[in-house]
Chemist: 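Below is a structure I'd like to ask you about.
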Amino acid sequence: MTDENVHFRHTARFIVALTEAGKPYDLLIFPEERHMPRDQRGLEYQEERVIRFLLDNL
């Protein structure tokens, strides 16, 4: 949410469109980061979530 090039409003509009279309979605936000976590714990958490998503959905 702090990135000057990527605006959360676009994400919000996309969520609205997905909801209106009845499409499920997963969203992982790091509000204090620009594109991805930079600290070790944040990176590990992101990786854990990606792995969990893949295991649950493949």
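The structure presented is a predicted model; accordingly, all values stated were derived computationally and were not measured.
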Chemist: Not counting sequence neighbours, which residues clear side-chain contact (heavy atoms from CB on, under 4.5 Å) with Leu54? List them please.
Modeler: Val50, Leu58
Chemist: For residues 49-58, which residue pairs qualify under side chain to side chain donor-acceptor pair (under 3.5 Å), counting only residues two or more places apart or in two chains?
Modeler: Tyr45-Arg49, Arg52-Asp56
Chemist: List, one per line, each side-chain donor-acceptor pair under 3.5 Å for residues 10-24, sequence neighbours excluded.
Modeler:
{"residue": "Thr19", "atom": "OG1", "partner": "Ile15", "partner atom": "O", "Å": "2.8"}

Chemist: So, do Phe8 and Ile29 sit near enough that their side-chain heavy atoms are less than 4.5 Å apart?
Modeler: yes
Chemist: Among Ile, Leu, Val, Met, Phe, Trp and Tyr joined by side-chain contacts under 4.5 Å, find the other residues sharing a cluster with Leu55 and list them by chain and number.
Modeler: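 Ile51, which link up through side-chain heavy atoms under 4.5 Å apart, make up the rest of the cluster.
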Chemist: Leu43: which other cluster members, linking ILVMFWY side chains closer than 4.5 Å, directly or transitively?
Modeler: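 Leu43 clusters with Met36.
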Chemist: Checking side chain to side chain contact (heavy atoms under 4.5 Å, CB included) between Pro37 and each of Gln46, Glu47, Glu32, which is the one that passes?
Modeler: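 That would be Gln46.
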Chemist: Looking at residues at least two apart in the chain, or sitting in another chain, which of them share a salt bridge (Lys or Arg N to Asp or Glu O under 4.0 Å) with Glu44?
Modeler: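 In terms of salt bridge (Lys or Arg N to Asp or Glu O under 4.0 Å), with neighbours along the sequence ignored, Glu44 is linked to Arg41.
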